[in-house]
Enquirer: 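Handing you a structure now.
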Number of protein chains: 2
Amino acid sequence: MFFLKELPTAEMLDRYAAQYQEMHPTHVADALTMMRQASLLLRELEGLFSKAGLSQTRFLVLMMLDREPDRPNLRISELSDRLDISKPVITTTVKSLSDDGYVSLQPNEFDGRAKDVLLEPPGKAVLKSLLPKYFMTINDFMSHHT
Amino acid sequence: MFFLKELPTAEMLDRYAAQYQEMHPTHVADALTMMRQASLLLRELEGLFSKAGLSQTRFLVLMMLDREPDRPNLRISELSDRLDISKPVITTTVKSLSDDGYVSLQPNEFDGRAKDVLLEPPGKAVLKSLLPKYFMTINDFMSHHT
DNA sequence: CCGATTTAGTTAGGATGCTAATCAAATAGT
DNA sequence: ACTATTTGATTAGCATCCTAACTAAATCGG
């Protein structure tokens, strides 16, 4: 992550801006501030997840499975694509969620290689208990940092 | 990181906003977008670093050592504090930078436990070659994403 | 059809981060 | 001055991510 407390100094940015006229020091400063803010929020959210026995990725998989009522299941590769996380990571994450009874796995009806991941009631329950805190944490963070 | 391509739907946010009146759906949507943007930029920068044989953390250590001309050296714990990265990680990162000749380590004059980390000419050179690309990557990213 | 390519998922190996525990040196309290 | 606590750095163990290589199933082209 990008947890820099001390961002590059304004002088440092100005020095580079002088050398490259297309560079806007404010653009760069904004980007660095954005990465710092995102990191801090992510860290807070991770604390929330770990208290609930989840990780960022485990949470996101559950949320993604819950978010489209018309799609009761998603395949490994669909999860990988939508979360932008590599397939090997999704494989192990789904395995761990399955061990916990939060999701179940079924062979896909039409493609013998594919596996359908389904959100199970315990997974739905843990998600439901976490979502209010999740959204409020984000909401509060944004309220205090704008 | 937080690479979600598909953020929670607006409906989903509105549903929660209805339950918690202090929650502003736009706040939350902005936060999720921010985390996604930060993740994408970070991924781009990591590509840049790895081409130069560095990692995010290795780069940040070099930058931090270079950024205060009046402080030619920093201790492990100062780097840890300023970069907001745990001390064990700084220890191993500094060790690897030292193996590459980019920094050197000296016992601190006043505190027998502490170690001073100094930026060496090869480290300064690699940093100097990378900084323009670093700032321009950030600048371009911000130009295209605002 | 049938070999060649692509796609889905997994396994293997490596990088990088964390916390907890440890060791040594410095500091604080009596 | 001496014990107890704190602080700086390291080690050990674990979690989580990645890419590359692999297996098996599906699809494509002749």
Side-chain angles (χ1 to χ4, degrees), chain A residues 1-4 35 38-40 42-61 73-100 103 105-117, chain B residues 1-4 35 39-40 42-61 73-100 103-117:
Chain A
M1 277 304 314
F2 191 86
F3 283 126
L4 270 187
M35 288 194 286
S39 299
L40 290 176
L42 212 49
R43 193 180 264 184
E44 255 188 66
L45 292 174
E46 260 157 20
L48 195 68
F49 297 143
S50 78
K51 272 192 285 189
L54 293 178
S55 67
Q56 168 87 218
T57 304
R58 275 159 63 87
F59 171 80
L60 290 175
V61 166
N73 55 58
L74 291 172
R75 308 200 214 168
I76 301 272
S77 50
E78 286 176 314
L79 287 168
S80 171
D81 185 56
R82 292 173 192 215
L83 298 175
D84 219 348
I85 293 173
S86 71
K87 273 188 293 192
V89 171
I90 300 296
T91 294
T92 48
T93 302
V94 163
K95 174 78 172 58
S96 85
L97 289 170
S98 169
D99 289 347
D100 290 345
V103 304
L105 288 165
Q106 290 181 4
N108 182 276
E109 191 179 353
F110 306 105
D111 189 330
R113 299 164 302 178
K115 283 182 182 172
D116 290 341
V117 184
Chain B
M1 276 308 310
F2 191 86
F3 283 125
L4 272 186
M35 287 195 286
S39 300
L40 289 176
L42 213 49
R43 191 178 266 186
E44 253 188 67
L45 291 174
E46 261 157 19
L48 195 67
F49 296 143
S50 78
K51 270 191 285 185
L54 293 178
S55 68
Q56 170 85 220
T57 303
R58 275 160 63 88
F59 171 79
L60 290 175
V61 166
N73 55 59
L74 291 171
R75 306 198 214 168
I76 301 275
S77 50
E78 287 176 314
L79 286 168
S80 171
D81 184 57
R82 293 173 190 213
L83 298 175
D84 219 347
I85 294 173
S86 70
K87 271 189 294 192
V89 171
I90 301 295
T91 295
T92 47
T93 302
V94 163
K95 173 78 170 62
S96 84
L97 289 171
S98 169
D99 289 347
D100 290 346
V103 304
S104 62
L105 288 163
Q106 289 180 5
N108 182 276
E109 190 181 353
F110 307 105
D111 190 328
R113 298 165 301 180
K115 284 183 184 173
D116 291 339
V117 185

Enquirer: What pairs with A:Glu78 under side-chain hydrogen bond (donor to acceptor under 3.5 Å, both in side chains), at least two apart in sequence or on another chain?
Expert: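 Scan of A:Glu78 (side-chain hydrogen bond (donor to acceptor under 3.5 Å, both in side chains), adjacent residues dropped) gives A:Arg71.
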Enquirer: If you compare all heavy atoms of B:Ile85 against all heavy atoms of B:Val89, which two are closest, and at what distance to 0.1 Å?
Expert: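 It is CG2-CG1, 3.5 Å.
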Enquirer: Between B:Phe110 (CZ) and C:dA25 (P), how many Å, whole number?
Expert: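 Taking CZ of B:Phe110 and P of C:dA25, I get 18 Å after rounding.
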Enquirer: Given C:dT10, C:dT16, D:dC17, identify the nucleotide with an atom nearest to the side chain of A:Thr91.
Expert: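 The nucleotide sitting nearest to the side chain is C:dT10.
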Enquirer: Is the shortest heavy-atom distance from the side chain of B:Lys115 to the side chain of B:Thr91 under 4.5 Å?
Expert: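 The answer is no, as the side chains (C-beta and beyond) never meet within the 4.5 Å cut-off.
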Enquirer: Base, sugar-phosphate, or nothing: which does A:Ser77 touch, judged by heavy atoms less than 4.0 Å apart?
Expert: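 Result for A:Ser77 = sugar-phosphate.
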Enquirer: Taking all heavy atoms of A:Ser80 and all of A:Ser86, pick out the closest pair and write down the distance.
Expert: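 Smallest interatomic distance, heavy atoms only, reads OG-C, 3.7 Å.
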Enquirer: Under 4.0 Å between a side-chain N/O of A:Ser86 and OP1 or OP2 of D:dC17, yes or no?
Expert: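 Result: no.
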Enquirer: Minimum heavy-atom separation for A:Arg43 to B:Asp84, with atom names?
Expert: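 Looking at all heavy atoms of both residues, the closest pair is NH2-O, 3.2 Å.
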Enquirer: Assign B:Thr92 to base, sugar-phosphate, or nothing according to its heavy-atom contacts below 4.0 angstrom with the strands shown.
Expert: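 Nothing: the residue B:Thr92, judged by heavy atoms under 4.0 Å, touches no strand.
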Enquirer: Please pick, from C:dG9, D:dG8, D:dT16, the nucleotide with the shortest atom-to-atom distance to any side-chain atom of A:Thr57.
Expert: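 Closest of the options to the side chain of A:Thr57: D:dT16.
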Enquirer: Can you check whether A:Ser98 reaches A:Val103 side chain to side chain, under 4.5 Å on heavy atoms?
Expert: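 A:Ser98 vs A:Val103: side chains touch.
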Enquirer: Expressed as a whole number of angstroms, how long is the span from B:Gln56:CD to C:dG17:P?
Expert: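 Atom-to-atom, B:Gln56 to C:dG17, this comes out as 8 Å.
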Enquirer: I'd like a table of atom pairs between the protein and nucleotides 20-25 of chain D - only N or O on both sides, under 3.5 Å - with the distance next to each one.
Expert:
from, atom 1, to, atom 2, distance (Å)
D:dA25, N3, A:Arg113, NH1, 3.3

Enquirer: For A:Phe59 and D:dA15, give me the distance from atom CZ to atom P, rounded to whole Å.
Expert: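 Rounded to the whole Å, the gap is 21 Å.
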Enquirer: Taking the side chain of B:Val89 as heavy atoms from C-beta outward, which of C:dA8, C:dG17, D:dC18 is closest to it?
Expert: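 My answer, after comparing the listed nucleotides, is C:dG17.
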Enquirer: Please give, in whole Å, the distance from C:dT16 C1' to B:Leu60 CG?
Expert: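 Rounded to the whole Å, the gap is 13 Å.
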Enquirer: Can you measure B:Leu42 atom CG to D:dC17 atom P for me and round it to whole angstrom units?
Expert: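 After rounding, the gap between these two atoms is 15 Å.
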Enquirer: Could you state the NZ-C1' distance from B:Lys87 to C:dC23, rounded to the nearest angstrom?
Expert: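 Nearest whole value for this atom pair: 13 Å.
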Enquirer: Using whole Å, report how far CD of A:Gln106 lies from P of C:dG9.
Expert: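 Those two atoms, CD and P, are 14 Å apart.
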Enquirer: For A:Lys87, check salt bridge (charged side-chain N to carboxylate O under 4.0 Å, His left out) against everything at least two apart and list the hits.
Expert: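 Listed in chain order: nothing, the list is empty.
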Enquirer: Nearest whole Å is fine: how far is D:dT10 P from B:Arg75 CZ?
Expert: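 Atom CZ in B:Arg75 sits about 13 Å away from atom P in D:dT10.
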